[in-house]
Amino acid sequence: GVTSFMRVTPSMLKQHNGRKGRPAWSSWQGKVYNITPYLPYHPGGEGELRRAAGKNGEKLFMEVHPWVNWENMLGECLVGIMVGEHENRS
Ligand code: HEM
């Protein structure tokens, strides 16, 4: 099917930090994923995964488990691609 992806700016990513009922998003290689549904299932615990919320999760992720395939696990949770701060307008 046809899928469209959001253009996510750094400030939008920051807002989706999983706090105050907001969804938790995290970016990986220029792509943005909604990690909220995975929080209860993360083998390292919800708290650890939450550290990647609202930001680029690559560094934390690679420090802990570079062998885990982020894309395979969270592919269905892809919400969009990172763009520059003012590049989300059409
Ligand atoms: C374990 C997935 C992010 C910390 C695991 C495991 C998976 C996983 C599959 C089990 C790995 C294994 O046993 O070989 C993910 C995914 C992430 C993510 C898909 C995407 C966002 C993070 C982050 C942190 C973290 C950001 C830390 C800040 C840990 C820790 C374990 C773990 C400490 C080890 C748990 C244990 O063995 O007791 N994660 N993780 N993870 N994860 Fe993550």
Side-chain angles (χ1 to χ4, degrees):
V2 176
T3 312
S4 65
F5 296 111
M6 278 183 82
R7 296 161 69 80
V8 180
T9 62
S11 59
M12 286 164 70
L13 177 61
K14 209 172 168 181
Q15 283 178 334
H16 292 81
N17 55 15
R19 296 201 294 266
K20 297 179 180 172
R22 298 181 190 128
W25 291 359
S26 189
S27 74
W28 168 259
Q29 294 182 348
K31 285 168 281 185
V32 181
Y33 298 83
N34 180 9
I35 59 175
T36 318
Y38 186 60
L39 284 167
Y41 303 103
H42 179 235
E46 180 163 341
E48 286 291 282
L49 181 52
R50 278 189 185 278
R51 291 171 60 200
K55 56 177 151 180
N56 182 331
E58 285 182 44
K59 191 164 177 284
L60 284 170
F61 182 92
M62 294 304 281
E63 277 171 9
V64 187
H65 38 44
W67 58 89
V68 174
N69 192 321
W70 179 309
E71 306 230 54
N72 277 1
M73 297 193 62
L74 295 176
E76 289 179 30
C77 301
L78 184 65
V79 295
I81 53 160
M82 287 304 296
V83 296
E85 194 55 51
H86 302 289
E87 291 173 4
N88 65 329
R89 295 166 195 148
S90 41

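Values reported hereafter were calculated over all heavy atoms of this structure, with side chains retained and with hydrogens, waters and symmetry mates removed. In each ligand, atom 1 is the first atom listed, and ligand 1 is the first ligand listed. Numbers for residues simply follow the sequence, beginning at 1.
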Polar contact flag, side-chain donor to acceptor under 3.5 angstrom, Glu87-Thr9: no
Side chains of Tyr33 and Glu71: is there a donor and an acceptor less than 3.5 Å apart?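 Short answer, yes.
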Subset of ligand 1 atoms that lie under 4.0 Å from at least one heavy atom of Met73: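 Those of ligand 1 that fall under 4.0 Å from Met73 are 9 (C), 19 (C).
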Those atoms of ligand 1 less than 4.0 Å from some heavy atom in Ala52: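 In order of number, 26 (C).
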So, 4.0 Å and heavy atoms of Tyr33: is ligand 1 close enough to count as a contact? no
If you measure from each heavy atom of Trp67 to ligand 1, is any distance below 4.0 Å?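 Flag set, Trp67 near ligand 1.
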Contact partition for Trp70 relative to ligand 1, non-hydrogen atoms under 4.0 Å: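 Near ligand 1, Trp70 shows its side chain, while the N, CA, C and O stay back.
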Considering only heavy atoms, does His42 approach ligand 1 within less than 4.0 Å through its side chain, its backbone, both, or neither? side chain
Can you tell which of Val64, Asn72, Leu49, Leu60 gets a heavy atom nearest to atom 29 (C) of ligand 1? Val64
Selected option - heavy-atom contact closest to atom 6 (C) of ligand 1, from Ser27, Pro43, Gly57: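 That would be Pro43.
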In the structure I gave you, are the side-chain heavy atoms of Lys55 and Ser27 within less than 4.5 Å of one another anywhere?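 Not touching, per the 4.5 Å side-chain cut-off.
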Are any non-hydrogen side-chain atoms of Leu13 and Val32 less than 4.5 angstrom apart?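 Yes - at least one pair of side-chain heavy atoms lies under 4.5 Å apart.
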Among all protein heavy atoms, pick the one closest to [atom] and tell me residue, atom and distance.
{"atom": "atom 1 (C) of ligand 1", "value": "His65 CD2, 3.4 Å"}
{"atom": "atom 28 (C) of ligand 1", "value": "Glu48 O, 3.2 Å"}
{"atom": "atom 31 (C) of ligand 1", "value": "Gly44 CA, 3.5 Å"}

Polar-atom distance check: Tyr38 versus ligand 1, any N or O pair below 3.5 Å? no
Within one Ile-Leu-Val-Met-Phe-Trp-Tyr cluster: Val83 and Met6, side-chain cutoff 4.5 Å: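 Each belongs to a different hydrophobic cluster.
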Treating Ile, Leu, Val, Met, Phe, Trp and Tyr as nodes and any side-chain heavy-atom pair under 4.5 angstrom as an edge, say whether Met12 and Phe5 lie in one connected cluster.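 Different hydrophobic clusters.
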Over 60° means perpendicular and under 30° means parallel, so tell me whether His65 and His42 are parallel, tilted or perpendicular. perpendicular
Can you check whether Met82's main-chain N or O pairs, donor with acceptor, with Arg7's side chain at less than 3.5 Å? no
State whether the side chain of Thr36 and the backbone N or O of Pro23 hold a donor-acceptor pair below 3.5 Å, judged by distance alone.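 Not at all, since once roles are kept as given, no pair shorter than 3.5 Å links the two residues.
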Atom 37 (O) of ligand 1: any protein heavy atom closer than 4.0 Å: no
Strictly inside 4.0 angstrom of atom 13 (O) of ligand 1, do you find any protein heavy atom?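 Answer no: nothing from the protein, no heavy atom, is under 4.0 Å.
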